[in-house]
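Down below is the structure, laid out as C-alpha cells.
Model, not experiment: these values are computed from the prediction.
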2 protein chains.
Amino acid sequence: MSTTDTQSNAKTISRADKARKPRASTAATRERIIEAAMAVFANRGYNNSSLLEIADQAEMTHAGVLHHFGSKDNLLTAVLAHRDDADVAELHDHKLPTGAAMLEHLVHTARANAKRPGIVQAYAVLSVESVTENHPAQNFFRDRLAGLRVIVSDALRAVVSDNVPQHQINQAASLIIATMDGLQVQWLLEPDVIDMAAGVETTITAVVAQLNAGRPGGDATQS
Amino acid sequence: MSTTDTQSNAKTISRADKARKPRASTAATRERIIEAAMAVFANRGYNNSSLLEIADQAEMTHAGVLHHFGSKDNLLTAVLAHRDDADVAELHDHKLPTGAAMLEHLVHTARANAKRPGIVQAYAVLSVESVTENHPAQNFFRDRLAGLRVIVSDALRAVVSDNVPQHQINQAASLIIATMDGLQVQWLLEPDVIDMAAGVETTITAVVAQLNAGRPGGDATQS
DNA sequence: TAAGTGTTACGAACGTGTAAGTAAGTCAAT
DNA sequence: ATTGACTTACTTACACGTTCGTAACACTTA
C-alpha cells in the first residue's frame with residue numbers, strides 16, 4: 001500500500017483540476033493490467049509468471065507494465081490490495097455482518113467462490129507460495145489470516161455460550177478458516193467431487209456444536 | 001507413482017549385486033540429492049528453485065545432479081515418490097491402522113509434522129503449486145488426495161453408526177483433510193499461534209460427533 | 001579396456017529492469 | 001489561437017543475470 005511510488009493519491013492533480021483524461025485514462029489502464037496480472041498469477045503462480053505474459057494479456061509491452069508499477073513485486077502487491085478493495089471491503093467497511101449472520105456469510109462466500117475459480121486459484125496459489133523465502137506477499141497473507149481469525153472468532157463468540165474459553169474459540173476460528181482454504185485446493189483439483197459451500201457449512205455447524213458441547217446453556221443458532 | 005520413469009523400482013541394481021560402492025555409492029548419492037532437493041523445494045517452491053542451489057547443497061555441480069535424474073521434472077517426481085516410500089508406506093504397507101486408531105494416527109502425524117517444518121512446507125507448497133498450469137506434480141497430488149480421502153473415509157465408516165450415508169462420510173473425510181492442509185499453512189506462517197495436532201483432534205471429534213448426531217446408536221470412540 | 005560418476009565449459013532461452021525515443025496531450029504565455 | 005515548455009503513456013532496444021540442459025572430458029574402479 002504505502003510502498004507504491006507514483007500517483008495513486010486519488011487524483012494526482014497538482015496543476016490541473018478541471019479535465020483529467022490524458023490518453024487512455026491511467027486508472028483504467030492500471031485496472032486492465034491488474035486484472036491481467038491476477039489471471040496470470042492464478043494460472044502460473046507468482047514466480048513462474050512473466051511480465052511478458054501479463055503484458056500480452058493487457059495488450060501492452062512488458063515495459064509499459066513496468067511504467068505503471070515499477071516492478072513485478074509492486075504489481076503483485078497492487079493486485080492483492082486491489083482485490084481487498086473489492087472483496088474484504090465487502091466484509092469490513094460495508095458493515096460486515098456479525099455473529100450468526102457472519103458465519104452464514106462465510107458459507108455464502110464459499111458458494112460465490114465456486115463460480116470464480118480464477119480468483120480462488122490466485123489466492124490459493126499466492127497464499128501458499130507466500131510461505132517461501134523472501135516472498136513479497138508474506139506479510140500480506142500473514143496479516144490477512146490474522147485478521148480473518150479475529151473476525152471469525154468474534155462471530156463465534158457471539159454464537160456460543162459465554163463460558164466457552166477464548167482459546168477454544170480462537171482455535172475453532174483457525175479450524176474453520178483452515179477448512180475453507182484446504183477445501184479450495186481440493187476443489188481446484190477436483191471441482192466435481194468437492195462442494196465447498198456444503199463443506200464449510202458442515203464444518204461450522206460441527207465446530208459450533210463442539211464448542212457448546214462442553215457446557216450447557218449454549219445455543220447453536222445453526223440450521 | 002506410475003508416472004515416474006527411471007529407477008524407483010526398489011533397488012536399481014542390475015549388474016552388481018555383491019559389493020555396491022564404486023566411489024560414492026550411487027544409491028547414497030541419489031538419496032543425498034533428493035534430500036537436498038526436498039529442502040530447496042520447500043524453501044523456494046518448485047519453479048523458483050534452481051538446480052544450482054540443489055547441487056550446492058548436495059555438494060556437487062548441477063550437471064552432476066542432471067546425470068542422476070536427467071531433468072528437473074524427474075527430480076521432482078523422484079522427491080515425491082521418495083517421500084511416499086517413507087511416509088505413506090508407513091500408512092499403506094505397514095499395516096496401516098484402521099478405524100479409530102487410524103484417526104488417532106492422523107493426530108499423531110500432525111504432532112510429528114510440527115517437528116519437521118521442512119517437509120511440511122515442501123508438501124504444502126508443492127501441492128498447491130501443482131494446481132498451476134502444466135505442473136509436473138499435478139497428477140501426483142490429485143491421486144494422493146483421492147487416496148487420502150478413501151483412507152479417511154474408511155476409518156470414519158468404522159467409527160460412526162452404520163446408517164450414516166456414505167456421501168456424508170466422504171464429505172467429512174474431505175473436511176478433515178482440508179483442515180489438516182489449511183492448518184499447515186497457518187502454522188507455517190505463525191508457528192507459535194497454531195497447534196496443528198490439537199486442531200486436527202478437535203476437528204475429528206467435532207466431525208465424528210456431527211456424523212453421529214443425526215442418528216442414535218452411534219459411538220464416538222473419541223476421547 | 002570398459003563402465004560409471006562426476007566436472008568444466010558452453011549454448012540457447014528467458015526474465016527483469018533500464019534507457020532512450022516517440023506520440024499525445026496539458027499548461028502558460030503570448 | 002497558436003506556440004513552445006513540459007508531462008504522461010507507451011514502445012523498441014538492450015544489458016545483464018539466471019536457468020536448464022548438453023557435450024566433452026577426467027577420474028575411479030573393476
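In this structure, the CG atom of B/Asn48 is 11 Å from the P atom of C/dT16, given to the nearest Å. Atom CG of A/Leu75 and atom P of C/dT16 are 10 Å apart (whole Å). The nearest whole Å value for the distance from the CG atom in A/Asn47 to the C1' atom in C/dG15 is 12 Å. Taking atom NZ on B/Lys72 and atom P on D/dG21, their separation rounds to 8 Å, with Å as the unit. Remark: C1' of D/dC10 and CZ of A/Arg30 are 15 Å apart, rounded to the nearest angstrom. Rounding to whole angstrom units, NE2 of residue A/His67 and P of D/dT8 are separated by 8 Å. At whole-Å resolution of the value, CG in A/Leu52 and C1' in D/dT11 are 14 Å apart. Per the geometry, CZ belonging to B/Arg44 stands 12 Å off P belonging to D/dC20, to the nearest Å.
Listed pair B/Thr29 / C/dT5 fails the phosphate criterion, with no side-chain N or O lying under 4.0 Å from OP1 or OP2. A/Thr61 has no side-chain polar atom (N or O) that falls below the 4.0 Å cut-off from OP1 or OP2 of D/dC10. OP1 and OP2 of D/dA9 both lie 4.0 Å or more from every side-chain N or O belonging to A/His68.
At distances below 3.5 Å, at least one donor-acceptor pair connects side-chain atoms of B/Arg142 with backbone N or O atoms of A/Leu189. Without hydrogens or angle criteria, A/Arg30 side chain to A/His68 main chain gives a donor-acceptor distance under 3.5 Å.
Side-chain atoms of B/Glu129 and B/Asn47 form a donor-acceptor pair, as typed in the model, at a separation below 3.5 Å. Side chains of B/Asp73 and B/Tyr46: a donor on one and an acceptor on the other come within 3.5 Å.
At most 12 heavy atoms of other shown residues, nucleotides or ligands fall within 6.0 angstrom of atom CD in B/Glu59.
The residue A/Leu66 sits close to a base: some heavy atom pair falls under 4.0 Å. Here A/Ser50 lies in heavy-atom contact (under 4.0 Å) with sugar-phosphate atoms only.
Of all nucleotides listed (D/dG21, C/dG17, C/dG6), C/dG6 comes nearest to the side chain of B/Met60.
Checked by distance alone, A/His62 brings a side-chain donor or acceptor within 3.5 Å of a matching partner on the base of C/dG17.
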